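One structure is given below, encoded as structure tokens.
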Amino acid sequence: MSQQPVLLPYADPAFSADPFPLYRQLREDGPVRRAVLAGGLQAWLITRYEDGLAALSDPRLSRRPRCLGPFLKTEWE
């Protein structure tokens, strides 16, 4: 069963003050989750350092927004 994207509560002052309980829960639920970021943008949230390092080292994945093509318009394009 696929999980629904987690909505990160950026507007909640309690989350802003201490986001770590939510991050801990997300790590316990699984290392990778879809997340809804500010502005409604959906992304993959990687919650463990080792998994993040592996993702950043994988040539199939990209940190560059230009690779998203029409999915993301940026000011610098």
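We use all heavy atoms of the structure for the numbers below, so side chains are in, but hydrogens, waters and symmetry mates are not. Predicted, not measured: the structure shown is a model, and the values here were computed from it.
- Hydrophobic clustering, with ILVMFWY side chains joined whenever heavy atoms are under 4.5 angstrom apart, groups Phe15 together with Leu37.
- Contact annotation: the side chain of Leu61 never approaches that of Leu56 to less than 4.5 Å [non-hydrogen atoms, C-beta and beyond].
- Residue Trp44 is not grouped with residue Leu41 when hydrophobic side chains (ILVMFWY) are merged at heavy-atom distances under 4.5 angstrom, including chains of intermediate members.
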Would you list the atom pairs, donor with acceptor, under 3.5 Å between side chains in residues 19-33 and any protein atom, with sequence neighbours excluded?
unit_1: Gln25; atom_1: NE2; unit_2: Asp29; atom_2: OD1; d: 2.8
unit_1: Arg33; atom_1: NE; unit_2: Gln3; atom_2: OE1; d: 2.9
unit_1: Arg33; atom_1: NH2; unit_2: Gln4; atom_2: O; d: 2.8

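- Take Arg48 and apply the salt bridge (charged side-chain N to carboxylate O under 4.0 Å, His left out) test, not counting sequence neighbours, and it matches Asp51.
- Shown here for Ile46 and Gly52, the closest heavy-atom pair between the two residues is CG2-N, 3.3 Å.
- Within the structure, side chain to side chain donor-acceptor pair (under 3.5 Å) pairs that include any residue of residues 12-22 do not occur (at least two apart or interchain).
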